Structure formats: structure tokens, C-alpha cells
Amino acid sequence: MTTTTSAPTTTTVLDASGVTMRFGGLTAVRDVDLTVNSGEIVGLIGPNGAGKTTFFNCLTGLYVPTEGKVAYKGTVLPPKPHLVTQAGIARTFQNIRLFANMTVLENVLVGRHTRTKEGLWSALLRLPGFRKAEDASRARAMELLEFTGLAAKADHLARNLPYGEQRKLEIARALASEPGLLLLDEPTAGMNPQETRAAEELIFAIRDQGIAVLVIEHDIRFIMNLCDRVAVLVQGEKIVEGPAEVVQADERVIAAYLGTPFEGAPGAAEAAEVEAAEAEAQSTTEGDDK
Amino acid sequence: MTTEIPMDKSTDTVKVSTAEATPIIPLPHAAARGLTVAGSALALIGTFLAWTWTEEFPGNLTVTGYPGGLQVLTLVGSVLTLLFALSGYGIRGLGWLTPGGKNSPVLLAALGVFGTTGYAMGAISQELGGLVNLEPGAWVSGIGALVALIGALGLPVDQPYGAGEAAPNLWGRIRHSLTAPDPGRAKELPSWAEILIIAGGFGVGLYVFAYGIGTEYSELFIGFLIVAAFGFTAVTRAGLLKRLSALTAKHRNVTLGAAFAAAICFPFTQSNDQFALIGANILIFATVALGLNVVVGLAGLLDLGYVAFLGVGAYAAALVSGSPASTIGVKFPFWAAVLTGAAASLIFGVVIGAPTLRLRGDYLAIVTLGFGEIFRITMNNLNGNSGPDVTNGSNGIPQIPDLEIFGFNLGVPHDVLGHELTRSANYYLLMLLFTAIVVMVFRRSAESRIGRAWVAIREDETAATAMGINGFRLKLLAFALGASLAGLAGTVQAHVSYSVTPEQYEFAGPVPPNSAFLLAAVILGGMGTISGPLVGAALLYLIPAKLQFMAEYQLLLFGIALMLLMRFRPEGLVADRRKQLEFHETGQLDVPEDKPLPEGATGVAKAGA
Ligand SMILES: Nc1ncnc2c1ncn2[C@@H]1O[C@H](COP(=O)(O)OP(=O)(O)O)[C@@H](O)[C@H]1O
Ligand SMILES: [Mg+2]
């Protein structure tokens, strides 16, 4: 599958410049610039602990970056997660963070929060607009569930979905906020090859709806298939950026990240190791956002 | 009720006849059932005989031919046992009684009979000094209850062990024998029949509740608790409750209407003002608990000082009530007093919430605990000595006049429909209006964009903010809404109790509502549900009120009860579907109710199972 890079009129959706995030003495992200244009799928790769998730957290306001600024379609975003989502950036989490005890449909409806207005009075008094807005929200949420293939499970609790479907639900929930940019943090982690391929299709379909995508991934093949442009983060610094083939051939990348040239593709055992290490890093880092 | 819920005959027979369905006491099936029927019939006959010779034991159990007091409870229990046991014979017209478990309800009902009869015999011997005080009637019932229990223990279990599964030890087997499969889906009935069933269900509920409140001595209340607890569990295991809740879920507005109709009927069942007062106090407690449920159950904010909001509302209402002890000395009409109380609580809620809601989890609990105490101490100190004189300090504001609404004085008895409604009954009905408002607010806010955002925050605040929810604002909204609901209840409470004093609003104390009991009512009843806190509050109010002889041990017993509950039923008495799934992993994925299948399909599915 090939990708088309240039949409007729390209605008910059995301413009992050000089983003730096320090935790005490540790600089997790150092002076990273990154742009994402409309119609693009951009990949963000790098070894474990390189600062990819931290960078995402800076973009979405979960962390307040020590330095640098993030602009979405020309406006600088305040570092408040709900305002970032309101502006049009939605995300998924590396360690799935669904509302476990809500139903699948309810999860997506929560995603609609910023795009609906009905307040408490409207709900209590059941003002005329209430039913209409509620029905419209439901209809839209069901559409998204159809789109991600979860419609049949609308009434199940999110916690009871199999892993792969939980990842899909996170995407559906993020899409519910009608974003212009979708940030995916390792969307295929823990998926089998078929599921990974399905996820690929899904991401292309999302891009075709006019939503730019920035995706963190470990699966090189996946990144190569998917992305128009790839940025490589190593120890918090962006060392290379460019088309997939160029990045893949870059020796700094090979040295820092791949270890061996791509032809000797990373084995299953290695991938599993990466997984485990990542999970561990996650448990120590994600516990205390903010 | 005469309506028969048709049921499917195919489900039971398959399971009962399996070889692994070993009972606790190995008896032939026919003998076991025969013993149960005979035993419960014997227990029933015994209730018509004298149990003791003297009227010294309360309830007058000396009359032959007419059961009274504790005998009535044994009677009800044995009728229930008998019905469930006979239903197991496949007698036409009784099948609807046991759509779920067949034999566990029999066992539970028999346990109830045995428990209450045994308790009655024990209490008689103890109070009158020896077994000699028991008349033959007591022995007839007692032996009958024992025989029925033995028979019931000999019935096959409802959920046979799998072929390879090793049977656990005795305790495990007994616990297992009390479990039952869920009932299959009921056949569709005409709407009017379903509504009639709902009405009947609430009628029974009202009767049981009114009976419990009306128990005049603690022996009867304990007997009542035993029968009610086992009877309720038996009815649950039989699958009747599931059937009923399926119906109530289908006709939600009818259900709400029926519930309130039943609640309105309550004061008409009581001629004693004291019992009506218990009813009114339960409603106040329950309403505040439901308000707390918005904060704790929906938004997941642990508030340990919630009773302060009730206090703010009550103090505000007392100050504008025209009480001679009020330092303001104005008299607002009731509607204005209600708004004042709610507004004062709202403001207090926002003032406390704004700085504290930025904290998470445990910190919030501790800070709210602190604010709850600060409120009480402040009310104590605004006495003219250690501060300006606003609240008369520990004397509180006494002599709050009775309300007069549209010329209707709530302080004096009125004749309505030939029944005299006492002062407390009047307030009960007024409070019921407020309960209805709070139920409505809870339900409507829970089923809206705002309610979903609250639940999302409770589930995962980080993810919720990443979905565009302004966590702080919504938490503040929940907090403020909860506060104003408590304030509403406070305005009525001030009038019901004639006076407000700081001691009424402690963290923990012997008389509910206080913060600890409110939280317990929510958790015990079932977080996030409407009926849970209502049930929890009723129990938590009624049990201490009725069992005053154990006042010293009250908190201890309360603690033990909570621990047992958390061990065996962590989701609370009334579980919402989510909690049920959360705490009792069934090993299978949650399969929600499908849309009703066509007639034939159900049968096929059943036969295949
Ligand atoms: N909240 C935090 N506090 C301290 N250190 C953190 C925090 N979040 C991330 N880090 C550190 O930042 C580095 C980058 O982590 P992360 O962004 O999760 O890497 P990646 O997603 O690329 O695997 C790690 O060394 C991690 O320990
Ligand atoms: Mg990461």
C-alpha cells in the first residue's frame, strides 16, 4: 500500500516548537520541533524511554512543558487537557485508559463532551433541546462504533472487551470529539498480525476523513506502511526526520534504535522484550501524571 | 396476586435430576420434599396454639386459635416455605413462584422459620426463666421448623457441581446450596398485567416496611429482621426479584409512580405519631443520602463532612423561621425559607469545594472531614462569647414554629379520607415531596452529558480530562448540587425536629443522619443507584431506633455488619449492573439482555442449554 503525501492545499495542523520537559534532573524531552500537516500520517519512533509518551503528554496538556510551545492550526494551546481537546486534538493512551465500568456506547458519548452543550439545568428541566441533542449524540456515537466495528457491543461494559477491541474503542472515543489531529500512542501494542493490519486500515480510513494522525509505534513494518513522514526520538532529542525510507536507512537511527539494519527485521523475541520493558517503564511513569 | 407468570418447564428438570446435585443431607428426593412440606405445615399449625402461659412475654402468645406477635412471623415464614416447597412438586399455579432457583428458596425460607421460631423460644425461656415456660404450641412449631429445615437440607442443590469439580467442604457446600441460577426470560404479559404486578410488588414492600416500623417491642423487630432477611433472600433466589426488576426496568415511570404511591400510603397505615416520625426521619436521612450519592456514587468524590450541608440548610431555615430564639427574627414563607436553605448550602459547598476539589482521593476525604467538624465547632462558637451571636452556640435555635403551607398547619392533626394524619405524618408527606425532587434530580442528572462526565471522572480522571472534560468544574458542580440537595432536606428537618443544635451534625454519632452513617447508607445500599441509599438509610435508621437496648454496642455491631457486607456483598444491597459485574467475576463476558427473541427461538435456546 502506498501513501499519498501531498494534499492539494496543505496547512499546518500541529506546530510544536522547542518542546522541553524536565523532571528534576532528567530531561525527558529536549527541544523537540515537530509539525504535522493536514492529510498526513506522521510516525514517531524511538527506543523505550526516549520520551515519546512524554512528548504526547506535553502536546495534550497533561504535562506543562518546561519550555516550548504547541500550536494547533495557528493558535497556541494552553496546557490544559480539556482545552486541548476542545481545540481539536484527541488522543489515545499507551496503557489503555477506558472508563472501564461504563458501557462501550457511554465511553464514546463521553468523548462527545466538548461537542455538546447541554448543561445541568437543561438535563434537570429536560429543556426542549435536551432530547434532540442527546439523540444526535447517540446517533453520532453509534456511527463511530460502526466505523470501528464495535456497534454490536455497544451495551457491553468496556472492561469486558477483548484487548484489541479496547484499543479500537479508545480510538472511537477519541474520534467522538471531532478532532483535526489524532494522537495514537502505540495503537497496535499487544495486537496480533491480523488485528494490526485491521488497525492500519482503520488509520488510513481516519486520515481519509481529513484527520491528521501522529502515531507512536514500535512495529517498524507498520510505521513504514503507514507513515508519510517519520520522526525519530532518542533520549529526548529528535535526531532525524523525513520520509520513511530515508529514516530507515539513516545510520544514526540504525545505531540508536534498530541496532541492526531493517533487512534483519526485529525478531519476535526482541519485540516481546521491548513490550515487557515498555510495560515496566509505563508502570513507573504513568502513575502520576501531573 | 392472581396473575400467573408463565414459565418454562424445561429449565428446572434438567438440572435437578443430575447425579451431581448432591444435597447436604443425603435423603431421597421425595422424602426430603415430604419432610419439608410436613415440617412447615407443622410449624404453621403450631402458631395457632399457645406458645407460653403468661402475657408477661410481649405480644401475648397465650391465645389458642389466633396467632399473635412472633407467631405471625413464624406463620408467614412457614407459608412461604410451604409455597416454595409445593412449587417444586410442579403443582399447577405455583410454578411462577420459582422461575430461578427451585430448592434454595425452600432452604432459605426454612432457615428463616427455624431462625425466628428458635429465637422466639429462646427469648421466651430467657425472659421468663427456663424452658418450662414454653407451652406445647412452641414445641410444635419448633419441631416443625427443625423438620422442615432437615428436609430442605436434603433437597438437591440448584446448581449441581460440574462432573470434574470436587465438592468443597461442608461450609462451602452449604453456601453453595444457597445459590441459584438466574431465571430465564419471562413471557411477555399484557402491559396492564405487568403494571399490576409492579403495583403488587410495591404493595408488599410497603406492607413489610410499615410492619417493620410498627413493631412495638424489640423481640418482634428481631424476629421481623430474621424473617425479612431470609424471606427476601429466598424470593431473590427464586428469581422473583429478577423478574420484578425486569418489569420495573421496562416500565420505569410506572415504577416510580408506584413507589411514590406506596410511600404516600405509608402514613395512612400508621395511627401512632411516633412511628410516623420514624418514617419522616427515615425520609430525611434517605434524601440526604441520595444527595450524597451524587457526590460519592456518581462523581466519586469521597465526602466525609457531608452532614454539614444538611446543617447549613437547617440553620438557615431556622434563622428565617420566625423562631423567637432566632437572632435575625424574620419569618420567611416556607418556599422562601427553602430557597434560602438551599442557597446557603450551595454557597457553602462552593466555598469549601473550590479550594479542596483540586485535591485527589484521600486528601479530599480528610479535608471534607475537617470542614464538617469546623462547621459544627463554628456553630458552637457563634454564641456571643467566642464570636458574634448568630446561632446561640450549643443551645441551638429552639422553638422553631410549625409550618403553615396554604393555610394548612402541619403542626396539628388533620382528617384525610377518614384517617387522622398526625403532625409527623404531615411532615412525612412534605418530606416525601422533597425526596421526589431529589430522586428526579438524581435520575435526570445521571442520565445526561453531565452525569456521564461525572462517572468518567470517577472512573479515570486523567482520561476524562483528555476527553475534554473540565474536571475541576464538573467536580465542583457535583459538590454544589449535592450540597444544595442536602440543604433542601435541612430546611424540612429544622421544622420536624423543632430545634437545631450543633450536635445534630457530627461526623459520627448515635442518631443518623451523621456523615459516617450517610456514607454507610450509600455504600451499604449501593453506590450510584437510586433505591440503594433509600434502602440503606431505612435500615440504618430503623435498626438502631428499634433495638435501643443495645445502644452501647451499636457502633460495634454497625462495624461488624459493614465488614460482613463488604465481605459477602461488596456492591451493596442494591447493585447497579456495573457493580455486580465488577465485584463478581463470573468468568464469562458480560452479555447484556438481548432484544426479545421471537417466540420459538427462546424455547430452542433453552432446550439446547
Ligand atoms: N512524570 C514523570 N516523572 C518523572 N519521570 C518521568 C515522568 N514521565 C516520564 N518520565 C521519564 O521520562 C522518560 C521518557 O519516558 P516515556 O516518555 O514514557 O518514554 P517512551 O514513551 O518513549 O517509551 C523516562 O525515562 C521516564 O522515566
Ligand atoms: Mg511510551
Side-chain angles (χ1 to χ4, degrees), chain A residues 57 60-62 80-87 89-93 96-103 106-107 109-126 130 133-134 137 153-162 170 173-174 176-177 179 183 286 288-290, chain B residues 294 300 358 360 437-438 440-474 476-478 480-481 484-485 527-528 571 576-583 585-595:
Chain A
N57 286 345
T60 52
L62 283 178
K80 286 257 171 21
H82 65 274
L83 296 179
V84 171
T85 310
Q86 169 91 47
I89 301 182
R91 70 171 291 177
T92 67
F93 293 88
I96 299 173
R97 299 189 86 144
L98 288 169
F99 307 120
N101 294 307
M102 297 176 90
T103 64
E106 283 171 330
N107 267 275
L109 284 172
V110 170
R112 302 271 319 145
H113 190 85
T114 50
R115 302 297 168 230
T116 42
K117 297 259 149 2
E118 275 55 48
L120 188 60
W121 286 115
S122 167
L124 292 184
L125 304 176
R126 297 277 138 124
F130 180 81
E134 194 77 346
S137 256
K153 300 216 169 168
D155 290 334
H156 288 232
L157 291 190
R159 67 205 299 277
N160 289 332
L161 291 187
E170 268 218 324
R173 184 180 68 173
S177 68
L183 308 182
E286 288 272 337
D288 51 345
D289 316 18
K290 242 184 171 184
Chain B
V294 173
R358 301 189 189 271
R360 283 196 186 187
I437 292 173
V438 175
M440 206 54 118
V441 167
F442 185 92
R443 198 179 124 181
R444 291 191 164 179
S445 60
E447 287 168 16
S448 72
R449 166 175 174 269
I450 301 294
R452 284 191 298 267
W454 284 335
V455 178
I457 290 173
R458 184 192 74 194
E459 291 287 309
D460 184 338
E461 191 171 345
T462 303
T465 56
M467 289 307 118
I469 292 169
N470 184 340
F472 174 69
R473 240 183 91 193
L474 273 144
L476 191 59
L477 188 63
L481 179 66
S484 11
L485 294 181
M527 272 198 273
E571 71 274 31
D576 67 351
R577 201 170 59 92
R578 291 178 187 141
K579 285 282 162 17
Q580 189 122 37
L581 291 162
E582 190 174 342
F583 286 110
E585 288 293 351
T586 47
Q588 62 189 25
L589 295 178
D590 158 38
V591 186
E593 289 270 318
D594 303 344
K595 306 282 172 296

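Note that the structure is predicted; figures quoted are calculated from it, not measured. So that the names make sense, note that chain A is the first sequence line, chain B the second, and so on, each numbered from 1.
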message = Salt bridge check, A:Glu134 against B:Arg452: does any charged N sit closer than 4.0 Å to a carboxylate O?
response = yes
inquiry  = Quick check for you: to the nearest 0.5 Å, what is the distance between A:Phe130 atom CZ and B:Arg444 atom CZ?
reply    = 8.5 Å
inquiry  = Just so I know, are the side chains of B:Leu474 and A:His113 near enough to count as touching, which here means a heavy-atom distance under 4.5 Å?
reply    = yes
inquiry  = Can you tell me which of A:Thr114, A:Leu125, A:Val110, A:Asn107 forms the most heavy-atom pairs within a distance under 4.5 Å of chain B?
reply    = A:Val110
inquiry  = Looking at B:Glu459 and A:Asn101, would you say the former's side chain and the latter's main chain have a donor-acceptor pair under 3.5 Å?
reply    = yes
ask   = When rounded to the nearest 0.5 angstrom, what is the spacing between CG in A:Leu124 and CD1 in B:Ile450?
value = 9.5 Å
remark   = Interatomic distance, CE@B:Met467 vs NE2@A:His82, rounded to 0.5 Å, equals 14.0 Å
key: Per-residue contact mode, B:Ile469 against chain A (heavy atom under 4.5 angstrom)   = both
ask   = Top residue by heavy-atom pair count (under 4.5 Å) with chain A, among B:Asp460, B:Val441, B:Leu481?
value = B:Asp460
request  = Find out whether A:Arg97 and B:Thr462 are in side-chain contact, i.e. whether some heavy atom of one side chain is under 4.5 Å from a heavy atom of the other.
outcome  = yes
ask   = Could you give all pairs that pass the salt bridge (Lys or Arg N to Asp or Glu O under 4.0 Å) test and reach residues 111-126 of chain A, with sequence neighbours left out?
value = A:Arg112-A:Glu178
message = Let's go through B:Arg458 and A:Phe99 carefully: what are the C-alpha distance in whole Å and the side-chain angles of both, what is the deciding distance for side-chain contact (heavy atoms from CB on, under 4.5 Å) to 0.1 Å, and is it a yes or a no?
response = CA-CA 9 Å; B:Arg458 184 192 74 194; A:Phe99 307 120; over 6 Å; no
Part of A:Ala90 lying under 4.5 Å from any heavy atom of chain B = neither
remark   = Rounding to 0.5 Å, atoms CD (A:Glu106) and CD (B:Glu447) come to a distance of 9.5 Å
query = If you round to the nearest 0.5 Å, how far is CZ of B:Arg449 from OG1 of A:Thr116?
reply = 4.0 Å
